[in-house]
Participant: 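Got a structure for you, written out below as structure tokens; questions coming shortly.
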Amino acid sequence: MKFGGTSVGNAERMEAVAEIVARHSREADLVVIVSAMGGVTDMLIRAAGQASRGDREHWKGVRQELARRHREVADRLLSASEQAQVLPRLAEQVGHFENLCSGFSLVREVTPRAMDTLSSLGEVMSSILLAAILRSRGIPAVAVDATELIVTNDTFGNASPLMDETTAKTRQALAPLRRRATIPVITGFRGATREGLCTTLGRGGSDYSATILGAALNADEVWIWTDVDGVMTADPRLVPEARIIPEISYREALELSFFGAKVLHPKAIRPVMTGQIPVWIKNSFNPAGAGTRIGPSVSQSRPGIKAITSVSKAALVTVSGKDTLSFPHLAARTFSALSLEEIPTLVVTQSSADNVLCFAVHEADLRQVKAKLEKAFELEMLHDYVAALEVIPHVAVVVAIGENMKGTPGIAGRAFSALGRAGINIIAIAQGSSELSISFAVKSSEVKEAVRAVHAEFQL
Ligand code: ASP
Ligand code: MG
């Protein structure tokens with residue numbers, strides 16, 4: 001079970017989490033993974049930034065706030081003897097924070113490596129607290145630092161796990177706890193290199209921690225406790241009648257999370273996909289809710305579209321080549337320029353007769369995309385082999401997802417007819433041969449209507 005930041009955001013929420021763990025600990029061997037208390041990671045990262053700019057005061061305020069938020073929980077939920085044990089351990093972490101920030105402010109820089117140690121201190125503190133809360137309720141539990149379990153490469157800030165080593169280490173470290181029926185409460189977000197240097201798995205990476213550890217332990221299930229009731233058919237802010245989806249496949253979940261739906265960290269799906277371990281998305285604010293099960297592809301009753309997601313701030317970029325520049329060459333140059341910067345594309349279309357390549361990117365990446373392409377095609381543009389890049393700003397990319405559309409005629413027709421009836425113009429369209437999703441671009445101002453029209457057409 002993994003609990004996210006809002007699920008452990010204050011004493012009341014931590015108590016609710018302890019209740020959930022207590023209830024389920026009777027029926028299963030539990031391993032708990034915990035995020036930092038909501039807002040703490042942001043606060044830590046900001047403090048490091050300020051300190052590295054030479055600000056010697058900002059982090060002192062953050063230190064007070066960090067101590068206060070954790071202490072408040074300890075005051076409210078821990079027995080006197082647990083407080084005596086835990087308060088010095090929390091103070092020790094606050095001390096680490098202080099030493100690191102003071103160092104950053106002196107040398108006026110923060111390296112990615114040092115940032116990882118600092119930014120994941122919130123997880124260390126929340127795991128110490130939650131384990132103590134469980135013990136105060138008579139449930140045997142200990143805080144475990146994931147740097148002792150998850151072995152990663154040394155891409156600080158966005159590390160990837162080395163699964164074989166992680167599996168061996170995790171099993172060895174957790175076996176004695178299991179024998180004593182003690183629940184490990186493990187820090188999300190962090191891991192360590194072979195040399196023992198602390199790394200992080202990227203923002204929001206505690207989901208990833210949970211599925212990595214679930215895979216390492218060959219768990220029966222991974223439960224992600226969050227603040228929504230499950231995966232929805234659409235963003236409820238766009239479609240009020242959006243519903244919870246009871247079951248989706250790994251591939252559908254991957255697709256949804258790539259396009260920004262609040263499902264799971266996109267990377268988190270891989271580890272469980274390999275071991276075919278089901279993942280449940282559940283709401284810690286409504287633990288009785290059914291939630292969504294993400295698993296191997298499911299035999300759905302109805303073929304067709306299952307969920308719709310959208311990226312409302314995107315732009316379309318068109319690169320047109322002249323006859324002398326072949327399309328494959330044009331595409332190769334374009335994508336290698338983007339890949340060097342790891343800029344994701346949302347939709348790609350080609351019209352080879354015209355030698356035109358069109359793709360959508362996040363609006364936030366647009367400036368960088370233009371700069372990279374102008375540089376990549378500098379010479380061709382000078383000699384007029386490539387016409388100037390065209391950009392259509394304020395576009396939304398809408399993605400209709402459903403594994404069961406494969407081989408079912410008429411789905412795209414219905415979706416696009418619904419858009420036509422709503423008077424919405426489609427600027428670009430793409431569907432891959434896996435038929436897992438249909439993506440299309442519309443004007444940003446029409447995204448809400450577009451999502452609603454398709455949602456209504458398929459009675460999601
Ligand atoms: N606390 C980390 C973050 O805010 C990891 C997580 O919450 O999943 O990015
Ligand atoms: Mg989080």
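Computed over heavy atoms, backbone and side chain alike; hydrogens, waters and symmetry mates excluded. Remember, it's 1-based here, ligands and their atoms both numbered in the order they're listed. Note that the numbering runs from 1 along the sequence shown for the chain. From a predicted model like this one, the values you see are computed outputs, not experimental measurements.
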Participant: Do we see a donor-acceptor contact under 3.5 Å between the side chains of Ser136 and Glu82?
Facilitator: no
Participant: Regarding Thr200 and Asp116, do their side chains bring together a donor and an acceptor under 3.5 Å, going by distance alone?
Facilitator: yes
Participant: Does Gly4 come within less than 4.0 angstrom of ligand 1, counting non-hydrogen atoms of the residue?
Facilitator: no
Participant: Using a plain distance cutoff, I'd like to know if Arg203 has any nitrogen or oxygen under 3.5 Å from a nitrogen or oxygen of ligand 1.
Facilitator: yes
Participant: Under 6.0 Å from the six-membered ring centre of Phe285 and within 45° of its axis: does the NZ or CZ of Arg13 meet both?
Facilitator: yes
Participant: What class does the angle between the rings of Trp59 and Phe97 fall in, given that below 30° is parallel, 30 to 60° is tilted and above 60° is perpendicular?
Facilitator: perpendicular
Participant: Please determine if Gly204 has a nitrogen or oxygen closer than 3.5 Å to a nitrogen or oxygen of ligand 1.
Facilitator: yes
Participant: Of all the atoms in ligand 1, which lie at a distance below 4.0 Å from a heavy atom belonging to Ser35?
Facilitator: 6 (C), 7 (O), 8 (O)
Participant: Could you list which atoms of ligand 1 come closer than 4.0 Å to a heavy atom of Glu123?
Facilitator: 1 (N), 2 (C), 5 (C)
Participant: Pick from Ser209, Ser7, Ser206: which one makes a side-chain hydrogen bond (donor to acceptor under 3.5 Å, both in side chains) with Ser35?
Facilitator: Ser206
